[in-house]
Amino acid sequence: MSKQTLTITDNRTGQSAELPIEHDTIPAIGLRQLKVQADDFGMLAYDPGYTNTASCKSRITFVDGDRGILRYRGYPIEQLAEESTFLEVAYLLLFGELPTAGELSDWTARILSHTQIHENLVDLLKTFQAGAHPMGVLISAVAAMSTLYPEAKQVNDVDNRLLQIWRILGQLPTALAFADQNRLGRPRTDPRAGLDYSANFLHMMGLTRQADGEVDPVLVRAMDVLFMLHADHEQNCSTSALRNIASSEADPYCAVAGAAAALYGPLHGGANEAVLRMLAEIGDTKEIPAFLDRVKNREVRLMGFGHRVYKNYDPRAQIIKRVAYEVFAVTGSNPLIDIAVELEQHALEDDYFVSRRLYPNVDFYSGIIYQAMGFPVEMFPALFVLGRTPGWLAQWVELVTDPEQRIARPRQIYLGEAERAYVPIGERG
Ligand code: ACO
């Protein structure tokens, strides 16, 4: 077998460093031995946006962006979306294996027993002004939960971690639904025993479509599938933010709040909202060529297209496109779907997008479904948060139980001023 090392020669000095290769990576700290002067700090790797830096070893989610593959704990996303449920996927992500029937029923009961929110949180949610964006409200709500459950700070206690996981998964949908109903000046709808996770959320959101006031099973299933598709995506922007925060042993509420804040931006989880606004602005399929010219002139981005990792069709986008038509069979079509489908076709035939390997991502079609189901546009990123939370929690547990992990603390290349003396204000030019 060939030698599993990488030899790097520093041509400034002729000095070589031999670094071990493990899983196709080298330990970055090994570069530090390369110095010109003995008292130099040593060489660093420069990687803005972490495009080629592995920050952890993980066993949760596998993504092959070139081949369009996504698996949770080894199970293809297509099979999970077809056969599993959101809470089963949450269990899988957190514990590494599919549950037995008994384990699933216990897990589900635990989470659904934590759907009531604390009255202090209700009071807090009432203080937000009309029109407050749900993401600001949700981030505040989950951070505020850290004040209600101070024992969550014991991040190295297994049982304590599990209790916080049940609470976060159980309470977030209630807090979000309550915030939305409050925003609309509607009375609060409490969680209802006997409903599963997604049905309960749609019930609390008031998205009941049937004459008897029940939620439509097709929409419940669509919600569950959408949550599953968003449940984890390895070391993306929000998950990395969560790992950074949790590496200082902050409690999981604060870590999830920080992750949600990172998700909110339009280049990440805020893209679903941005796509809807973009499609509405295009307004008519006739306007697509002119819009794509603006994209190619770099005036605007084609939201919902492109991905740091996928250089092929995002497998989640394929599934979502199918779900869209199942939902429309119940809700009636969303006219924006025609614009989206034609926009996708134009883009996939255009050299600008083909040469850069830009394909629809998970956010391209999800907002169209959410809108058809009756969710307001500004709610879309918060729906992404609900779906992603089990993934964040699984990554949190993996981080705090990984003996190789340390507090996150990247280096910088300092290009500022060298030392200089302070000038009193009266002597400045
Ligand atoms: N529209 C137009 N051009 C694009 C787009 C887009 N959506 N995405 C990438 N490009 C172009 C860039 O201009 C760049 O071209 P250049 O090399 O000629 O300068 C090239 O493709 C590479 O793009 P980068 O920005 O370097 O890719 P990066 O990996 O840094 O960014 C990102 C990935 C942020 C997702 C980007 O594709 C984007 O902004 N997409 C739109 C927002 C979006 O849909 N985000 C959701 C992502 S999925 C998720 O987070 C759930």
Side-chain angles (χ1 to χ4, degrees), residues 46-53 61 63-66 68-70 72 77 81 135 225-242 259-279 281-282 288-321 336 340 343-370 377 380-392 395:
Y46 176 55
D47 191 9
Y50 309 122
T51 54
N52 199 40
T53 296
T61 291
V63 180
D64 181 333
D66 284 330
I69 293 174
L70 169 60
Y72 298 156
I77 191 66
M135 279 301 284
V225 171
L226 284 159
F227 283 150
M228 278 190 265
L229 297 181
H230 287 88
D232 195 52
H233 211 244
E234 50 118 314
Q235 308 312 314
N236 52 82
C237 176
S238 54
T239 303
S240 302
L242 175 123
L263 182 137
Y264 185 13
L267 299 189
H268 186 16
N272 51 17
E273 181 178 351
V275 168
L276 239 281
R277 298 194 192 283
M278 172 188 78
L279 295 174
E281 187 196 319
I282 295 172
I288 289 173
F291 178 79
L292 287 180
D293 285 343
R294 290 179 60 212
V295 174
K296 291 187 275 182
N297 290 334
R298 296 172 190 273
E299 290 167 42
V300 286
R301 283 211 155 193
L302 176 52
M303 300 311 287
F305 255 67
H307 198 277
R308 171 62 59 76
V309 179
Y310 290 119
K311 302 300 168 196
N312 199 329
Y313 215 101
D314 181 335
R316 299 168 300 175
Q318 304 265 29
I319 300 167
I320 285 183
K321 206 170 163 185
L336 295 181
L343 185 56
E344 178 194 334
Q345 272 164 9
H346 277 256
L348 294 182
E349 286 162 9
D350 190 305
D351 187 55
Y352 176 94
F353 300 93
V354 173
S355 63
R356 290 171 178 78
R357 304 179 69 190
L358 301 171
Y359 291 87
N361 59 49
V362 68
D363 285 324
F364 193 66
Y365 286 104
S366 60
I368 298 175
I369 308 180
Y370 296 144
V377 178
F380 299 175
L383 299 174
F384 193 153
V385 169
L386 294 190
R388 181 56 53 89
T389 303
W392 287 335
Q395 301 273 349

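Counting starts at 1 for both ligands and their atoms, following the listed order. Everything quoted here is computed from the prediction, not taken from an experiment.
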Which residues share a salt bridge (charged side-chain N to carboxylate O under 4.0 Å, His left out) with R388, sequence neighbours left out: none
Does the plane of the ring in F305 sit parallel, tilted or perpendicular to the ring in F353? Use 30° and 60° as the thresholds. perpendicular
Under a 4.0 Å heavy-atom cut-off, which residues neighbour ligand 1? P266, L267, H268, A271, V295, R298, R301, L302, M303, G304, F305, G306, H307, R308, Y352, R356, L358, N361, V362, D363, F384
Heavy atoms of other groups near Y50 OH, more than 12 under 6.0 Å: no
Ring of Y359, cation from R357 - is the NZ or CZ under 6.0 Å from the centre and inside 45° of the axis? no
Going through the checks in order, is the side-chain contact (heavy atoms from CB on, under 4.5 Å) test met by L343 and F364? CA-CA 10 Å; L343 185 56; F364 193 66; 4.1 Å; yes
Atom CG of N297 with >12 non-hydrogen neighbours under 6.0 angstrom: yes
